[in-house]
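These notes are about the structure you will find just below.
Just so it is clear, the model here is predicted, and its values are computed rather than measured. When a ligand or atom number is given, it counts from 1 through the structure's own listing order.
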Amino acid sequence: MTIPIKKIILRKINMRLKNPFTTSFGSMQDKEFYIIEATDTEGNRGFGESVAFTSPWYTEETVKKNLHMIEDFLITILRENEINHPDEVTKLFRPIKRNNMAKAAVEGAVWDLYAKRQNISLAKALGGVKPTIDVGISIGIQPTLKDLLYTIESHMQAGYKRIKMKIKPGQDVDMLREVRKQFPDTPIMADANSAYDLKDIEHLKQLDDLHLMMIEQPLAHDDIVDHAKLQAMMETLICLDESIQSFEDARKAIELGSCKVINIKIGRVGGLTEAKRIHDYCRKHDVAVWCGGMLEAGVGRAHNIALTTLPQFILPGDTAGSSLYWEKDIIQPEVVVENGVIQVPDKPGIGYELDEEALEAFTVEKKVFDF
Ligand code: OSB
Ligand code: MG
């Protein structure tokens, strides 16, 4: 049955994180992003969030480029084609190269709309099976070791299921050794955001003594060859983030032995349909996956929660509670984590209402596209 899209509303939102978030590539606190709302002829509203950052440090995408892609290409494609299922959106977008976060934002709105029209939750529409999901936390690079230890302690107290900490050259092995000393049994992993190269192999091998859950994206953002060499020489499992931008990337990385774990981010891979394909492939090949985060506001967070209900998301992801990031989120209720667990909503679609007042307050630009 056709999904009769009547209009799309594109909102540019500005929100400020409670604390700056620092990775090996830099620091950010102001988050600027797009919320896409797709409305059908019956008044159902589907929402998607673009997770691109303002600077192209994580991948090449940016918020400004999102606008160009969404209004000049992606909306045009939706206007000119009849869509019966969100999977078709992914196919229609395929001739457009990359720009995965822009695509995922639009596709995500169609997925939410589709689930609402079926009167089922997005989790169910995706084939999700878990009523609750386990989540961990991602800690940015801290000014001092003392800050880091304190931060880990407080998140462990709150019940988060694993700690991911950012590392970079100069703040890595010694720091992790201290952390391991203080927290001998805590599930800990490290994310390098591509700060190393193969010359660092001996340095990175020291991590093998620290029984980390895994190391995320140690080498270049676009590499799967050197990662295979590194994985062959290291016991610590390698998890790829930046390097996996599609199903094909995932298949090749697994075939090459470039990683043993994949961090699936909906935006990075171009949407829920592609994320599910990667999930299904990993399930078949016994590769563990978890859902990564992009410091999302509520809509993106809700999409992550729905995806994480798929069965191969066997490791805790990065989707922490709204209040860790925002004074006020744009959804109602906000995402709440209790003892490291999120109750997956069973209401139609993403399962959270938009907080219209907050949405208006954070909107800096609005464009309407009639179909
Ligand atoms: O590499 O996973 C990453 C944040 C910004 C850019 C890249 C990454 C991250 C995170 C934060 O790790 C995850 C989150 O809490 O949303
Ligand atoms: Mg990462």
Side-chain angles (χ1 to χ4, degrees), residues 15 17-33 49-63 100-101 133 135-142 148 151-152 155 158 160-168 172 188-196 212-223 227 237-245 249 253 259 261-269 275 289-305 307-308 315-326 329 334-335 337 340 342:
M15 283 167 73
L17 290 162
K18 276 185 174 173
N19 301 297
F21 191 88
T22 305
T23 68
S24 64
F25 57 67
S27 217
M28 58 185 125
Q29 184 157 23
D30 288 305
K31 186 119 201 265
E32 193 184 27
F33 58 94
E49 175 175 331
S50 172
V51 299
F53 299 119
T54 45
S55 310
W57 290 336
Y58 167 74
T59 65
E60 77 284 3
E61 260 183 296
T62 65
V63 180
N100 287 347
M101 296 175 191
I133 60 164
V135 293
I137 182 121
S138 175
I139 303 174
I141 292 171
Q142 301 294 308
L148 177 63
T151 309
I152 294 174
H155 292 311
Y160 280 98
K161 303 282 186 191
R162 68 98 168 100
I163 301 289
K164 159 169 148 185
M165 42 189 279
K166 297 287 185 177
I167 56 168
K168 65 174 185 183
D172 49 26
I188 291 169
M189 56 173 293
D191 185 359
N193 287 107
S194 65
Y196 301 90
L212 302 178
M213 294 172 82
M214 67 194 94
I215 178 169
E216 181 177 343
Q217 196 70 35
L219 310 180
H221 71 100
D222 56 354
D223 167 78
H227 277 105
L237 305 183
I238 293 179
C239 168
L240 288 178
D241 174 355
E242 284 91 325
S243 294
I244 306 298
Q245 304 230 8
D249 286 348
C259 64
V261 181
I262 292 182
N263 161 345
I264 300 182
K265 289 185 185 174
I266 303 164
R268 198 194 63 230
V269 303
V289 304
W290 54 276
C291 181
M294 289 287 282
L295 311 170
E296 290 94 345
V299 171
R301 217 159 276 281
H303 281 264
N304 288 347
I305 292 167
L307 179 68
T308 306
L315 296 165
D318 278 345
T319 308
S322 299
S323 66
L324 277 168
Y325 303 79
W326 315 109
D329 204 342
E334 299 196 338
V335 173
V337 177
I342 296 176

Side-chain donor-acceptor contact under 3.5 Å, Glu216 with Asn263:
yes
Is it the case that Arg268 places NZ or CZ above or below the six-membered ring of Tyr58, under 6.0 angstrom from the centre and within 45 degrees of the axis?
no
Return all protein N, O or S atoms below 2.8 Å from the Mg ion (ligand 2), chain by chain in residue order.
Asp191 OD2, Glu216 OE2, Asp241 OD2
Between OG of Ser138 and NZ of Lys166, what distance do you get to the nearest 0.5 Å?
4.5 Å
Enter the distance from Asn304:CG to Ile264:CD1 here, rounded to the nearest 0.5 Å.
11.0 Å
Can you name the residues that form a salt bridge (charged side-chain N to carboxylate O under 4.0 Å, His left out) with Asp329, not counting sequence neighbours?
none
List the steps and the verdict of side-chain contact (heavy atoms from CB on, under 4.5 Å) for Cys239 and Trp290.
CA-CA 10 Å; Cys239 168; Trp290 54 276; 3.6 Å; yes
Hey, what do you get for CD (Glu242) to CD (Gln217), rounding to the nearest 0.5 Å?
4.5 Å
Ligand 1: protein N/O within less than 3.5 Å of ligand N/O:
{"unit_1": "ligand 1", "atom_1": "1 (O)", "unit_2": "Lys166", "atom_2": "NZ", "d": "3.0"}
{"unit_1": "ligand 1", "atom_1": "1 (O)", "unit_2": "Asp191", "atom_2": "OD2", "d": "3.0"}
{"unit_1": "ligand 1", "atom_1": "1 (O)", "unit_2": "Asn193", "atom_2": "ND2", "d": "2.8"}
{"unit_1": "ligand 1", "atom_1": "1 (O)", "unit_2": "Asp241", "atom_2": "OD2", "d": "3.1"}
{"unit_1": "ligand 1", "atom_1": "2 (O)", "unit_2": "Lys164", "atom_2": "NZ", "d": "3.1"}
{"unit_1": "ligand 1", "atom_1": "2 (O)", "unit_2": "Asp241", "atom_2": "OD2", "d": "3.4"}
{"unit_1": "ligand 1", "atom_1": "2 (O)", "unit_2": "Lys265", "atom_2": "NZ", "d": "2.8"}
{"unit_1": "ligand 1", "atom_1": "12 (O)", "unit_2": "Ser138", "atom_2": "OG", "d": "2.9"}
{"unit_1": "ligand 1", "atom_1": "12 (O)", "unit_2": "Lys164", "atom_2": "NZ", "d": "3.3"}
{"unit_1": "ligand 1", "atom_1": "12 (O)", "unit_2": "Lys166", "atom_2": "NZ", "d": "3.0"}
{"unit_1": "ligand 1", "atom_1": "15 (O)", "unit_2": "Tyr325", "atom_2": "OH", "d": "2.6"}
{"unit_1": "ligand 1", "atom_1": "16 (O)", "unit_2": "Met294", "atom_2": "N", "d": "3.3"}
{"unit_1": "ligand 1", "atom_1": "16 (O)", "unit_2": "Leu295", "atom_2": "N", "d": "2.8"}

With sequence neighbours excluded, tell me which residues meet side-chain contact (heavy atoms from CB on, under 4.5 Å) with Leu324.
Ile137, His155, Tyr160, Ala320
Is a salt bridge present between Arg162 and Asp318, judged by a nitrogen-to-oxygen distance below 4.0 Å?
yes
